[in-house]
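Here's the structure we're looking at; comments come further down.
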Amino acid sequence: MSKEKIIIAGPCSAESREQVLSVATALGRMGVGTMRAGVWKPRTKPGSFEGVGDIALEWLAEAKRLTGLRIATEVATAAHAEKAIGAGVDVLWIGARTASNPFSVQEIAEALRGHKGPVWVKNPTSADIELWVGAVERLANCGVEQIGLVHRGFSGYDSASGYRNTPLWQLALEMKRRMPHLPMICDPSHICGNRTALLEVAQRAADLDYAGLMIECHPSPEEALSDADQQITPHALEQLLGQIIWRKAEGEATGCKEELEQLRATIDRLDEEIFTLLAKRMDISEEIGRLKLRDNLTILQSGRWQEVVERVLERTDSLGLGRGCVEQILEAIHIESIERQNKIMH
Ligand code: PEP
Ligand code: MN
């Protein structure tokens with residue numbers, strides 16, 4: 001297990017003193033730094049297990065005393081934040097449902113005014129990056145200094161993806177680009193919703209230079225009162241953490257530095273060519289727009305666009321380019337092209 005990586009592990013929910021202490025002991029033994037456990041659980045429907053509440057704070061504090069682990073829990077209201085801090089909880093996180101609600105985030109941020117400890121913000125359930133950014137800004141505006149991001153996937157109707165929450169890696173990477181000063185960790189448990197895909201998702205995060213993982217771990221996962229399908233035993237967690245390959249980040253690269261620089265120079269040159277060509281293509285689009293205006297033709301000529309897509313795909317198939325990528329590029333080009341012609345028409 002990499003020492004530099006942030007690993008926050010523990011049960012979805014604190015269920016009993018024995019359960020909490022049992023996980024804590026196991027985590028402490030394997031060198032995990034922070035134990036998570038939900039005290040108050042936001043559940044989609046009423047009637048599900050909603051956490052044991054305040055009493056769990058005492059169990060967490062005891063686990064901290066016995067093992068030296070930092071303890072982490074989710075706060076969804078100002079009162080939760082105050083109680084958790086009062087009980088010595090070291091690390092707080094704002095859950096996906098709460099991060100989706102600016103009123104709740106604002107209320108928590110004000111309760112945390114000037115708070116020194118780490119506060120992790122999970123991505124909102126909907127694929128809305130501004131909402132995620134907004135939650136971070138609300139905390140920062142209240143003087144919370146140690147803010148981190150947790151990528152836990154997005155809910156949707158994409159059951160074909162096989163994930164409980166679709167990862168949408170690109171969106172998380174965009175968040176990383178927008179907030180490069182914040183660490184981002186991945187929560188494979190809530191992305192997967194099962195035990196089998198955890199390693200694959202965690203490895204993907206490692207390959208994308210995430211700062212660590214938040215992962216659910218329970219002494220007897222099948223009997224867990226929440227998220228039973230995705231939790232793993234401490235033993236399975238230890239194996240999983242041992243299997244993940246954490247690669248070197250930028251700046252640490254050693255042996256291949258020169259070769260890498262040469263290849264990157266080539267990439268930069270090719271990008272230059274691609275975008276110079278794209279600009280030329282747009283100039284031609286504008287010229288066509290002026291012709292369409294003169295002869296009163298519609299901007300969109302459906303048959304023509306269909307032809308373009310088919311011709312390009314036939315060529316890019318033979319070049320071994322993925323259709324998903326080519327289709328997205330074509331779509332972006334088409335949108336820009338229509339926009340240019342639209343400006344000419346009006
Ligand atoms: C959790 O971490 O147990 C949890 C409820 O997660 P999320 O807010 O990502 O659904
Ligand atoms: Mn959970």
Side-chain angles (χ1 to χ4, degrees), residues 6-15 19-20 23 27 32 34-46 48-53 56 60 70-77 80-81 84 89 91-102 104-105 108 118-128 131-132 135-136 139 147-156 163-168 171-172 175 184-195 197-198 201-202 205 210 212-233 236-237:
I6 299 163
I7 306 291
I8 303 176
C12 177
S13 308
E15 297 171 0
Q19 176 234 25
V20 168
V23 183
L27 295 177
V32 167
T34 307
M35 176 170 78
R36 60 152 286 154
V39 171
W40 308 279
K41 297 304 296 179
R43 305 314 302 276
T44 304
K45 292 192 196 124
S48 326
F49 174 65
E50 299 199 315
V52 297
L60 290 177
R70 281 183 299 277
I71 51 175
T73 202
E74 170 174 353
V75 292
T77 65
H80 292 166
V89 173
V91 177
L92 305 176
W93 83 84
I94 295 181
R97 291 163 191 77
T98 309
S100 306
N101 182 340
S104 301
V105 176
I108 296 167
V119 180
W120 293 89
V121 185
K122 289 200 170 195
N123 66 257
T125 51
S126 59
D128 182 344
L131 208 49
W132 200 1
V136 169
L139 289 167
I147 304 174
L149 305 167
V150 185
H151 173 212
R152 51 78 79 198
F154 301 87
S155 48
Y163 296 114
R164 174 178 173 190
N165 290 292
T166 318
L168 302 181
L171 208 149
M175 187 66 179
M184 184 183 297
I185 62 175
C186 177
D187 172 347
S189 305
H190 289 88
I191 289 181
C192 295
N194 64 51
R195 287 180 262 281
L198 290 173
V201 169
Y210 279 48
L213 301 169
M214 176 186 277
I215 186 158
E216 288 188 341
C217 165
H218 190 288
S220 33
E222 304 78 23
E223 289 159 32
L225 300 180
S226 58
D227 290 350
D229 294 342
Q230 68 198 30
Q231 303 205 58
I232 52 175
T233 61
L237 175 70

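This chain uses plain numbering: 1 for the first residue, then up along the sequence. Note that ligands are numbered from 1 as they come in the structure, with each ligand's atoms numbered from 1 the same way.
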Is the closest side-chain heavy-atom distance between [X] and [Y] below 4.5 Å?
X: V150; Y: I8; value: no
X: P11; Y: Q231; value: yes
X: P219; Y: V23; value: yes
X: R97; Y: T125; value: yes
X: T98; Y: P42; value: no

Looking only at protein heavy atoms, which one is nearest to [atom], and what is the separation?
atom: atom 8 (O) of ligand 1; value: A96 N, 2.8 Å
atom: atom 4 (C) of ligand 1; value: H190 NE2, 3.4 Å
atom: atom 6 (O) of ligand 1; value: K122 NZ, 2.9 Å
atom: atom 9 (O) of ligand 1; value: R152 NE, 2.6 Å

*Determine, for E74 against R36, whether the closest basic-nitrogen to carboxylate-oxygen distance falls under 4.0 angstrom.*
no
*Using a 4.0 Å heavy-atom threshold (strictly under), name the region of E74 that reaches ligand 1: side chain, backbone, both or neither.*
side chain
Run the numbers for me: atoms of ligand 1, each under 4.0 Å from some heavy atom of [X], listed by number.
X: R97; value: 10 (O)
X: G95; value: 8 (O)
X: C12; value: 3 (O)
X: E216; value: 1 (C), 3 (O)

_Donor on one side chain, acceptor on other, H218 and D227, under 3.5 Å_ = no
_Metal-centred angle, OE2 of E216 through the Mn ion (ligand 2) to NE2 of H190, rounded to 10 degrees_ = 90°
*Do you know which N/O/S atom name in D227 is closest to the Mn ion (ligand 2)?*
OD2
_For H151, the option from I185, N123, V201 that meets side chain to side chain contact (heavy atoms under 4.5 Å, CB included)_ = N123
_Any nitrogen or oxygen of K41, side chain or backbone, less than 3.5 Å from one on ligand 1?_
yes
